[in-house]
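Reviewing the structure listed below.
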Amino acid sequence: MALRRLGKDPESKSGGSPTVYLDEERNTYLVQGWIVSDEARLEQLDLPGHETVVEIPRRMVRFFEEGDRGVRSDV
């Protein structure tokens, strides 16, 4: 599996998360983010037991767009 890091949150205080990856073989995105544990928020999602959800800041959406254009981010 060839994962390509598209970018990590430039405002992350720890420098490592959240991060967006592209799996070029499967043509899918992987998102490393903050665990969502607020039950009130989780109840609003149609989330099957075999899935999970993570949260990332809105400013990171640009990394998905870069992946679609094949642009590598050095962030």
Side-chain angles (χ1 to χ4, degrees):
M1 176 174 16
L3 295 181
R4 182 164 50 110
R5 188 181 76 204
L6 300 178
K8 58 184 175 178
D9 185 358
E11 295 182 28
S12 172
K13 295 188 184 355
S14 67
S17 182
T19 308
V20 175
Y21 300 89
L22 174 64
D23 183 329
E24 295 175 325
E25 291 177 13
R26 297 181 63 160
N27 200 30
T28 59
Y29 291 104
L30 288 83
V31 179
Q32 174 185 339
W34 304 303
I35 296 171
V36 178
S37 58
D38 179 356
E39 288 299 321
R41 293 172 76 202
L42 291 171
E43 289 174 1
Q44 297 178 55
L45 303 173
D46 184 17
L47 194 61
H50 65 279
E51 294 182 1
T52 190
V53 64
V54 297
E55 185 172 9
I56 63 171
R58 188 174 189 172
R59 64 183 168 265
M60 293 189 64
V61 170
R62 67 185 175 108
F63 296 121
F64 292 105
E65 296 164 353
E66 289 174 5
D68 287 338
R69 292 192 309 263
V71 176
R72 172 143 170 86
S73 172
D74 292 328
V75 177

Legend entry - Heavy-atom side-chain proximity of L47 to V53 below 4.5 angstrom: yes
Legend entry - Flag, side chain of S12 to backbone of S17, donor-acceptor distance under 3.5 Å: yes
Inset, instruction - State, with a plain yes or no, whether a side-chain heavy atom of L6 is found less than 4.5 Å away from one of Y29. - result: yes
Inset, instruction - Could you tell me the separation between the CG atom of L22 and the CG atom of L30, rounded to the nearest 0.5 Å? - result: 8.5 Å
Legend entry - L45, CG: over 12 other non-hydrogen atoms inside 6.0 angstrom: yes
Inset, instruction - Give, for atom CD of E55 and atom CE of M60, the distance between the pair rounded to the nearest 0.5 Å. - result: 12.0 Å
Legend entry - Y21 side chain to V31 backbone, donor-acceptor under 3.5 Å: no
Inset, instruction - Could you tell me whether D38 atom CG has more than 12 heavy atoms of other residues or ligands within 6.0 Å of it? - result: yes
Inset, instruction - Find out whether T19 and R5 are in side-chain contact, i.e. whether some heavy atom of one side chain is under 4.5 Å from a heavy atom of the other. - result: yes
Inset, instruction - Output the distance between atom CZ (R4) and atom CD (E25), rounded to the nearest 0.5 Å. - result: 12.5 Å
Inset, instruction - Answer yes or no: is there a side-chain heavy-atom contact under 4.5 Å between L42 and V36? - result: yes
Legend entry - Smallest separation among heavy atoms of D23 and L3, with atom names: CB-CD2, 3.6 Å
Inset, instruction - Grab the two heavy atoms, one from G33 and one from I56, that are nearest each other, plus how far apart they are. - result: CA-CG2, 4.2 Å
Inset, instruction - Compare all side-chain heavy atoms of P18 with those of F63 and state whether any distance is below 4.5 angstrom. - result: no
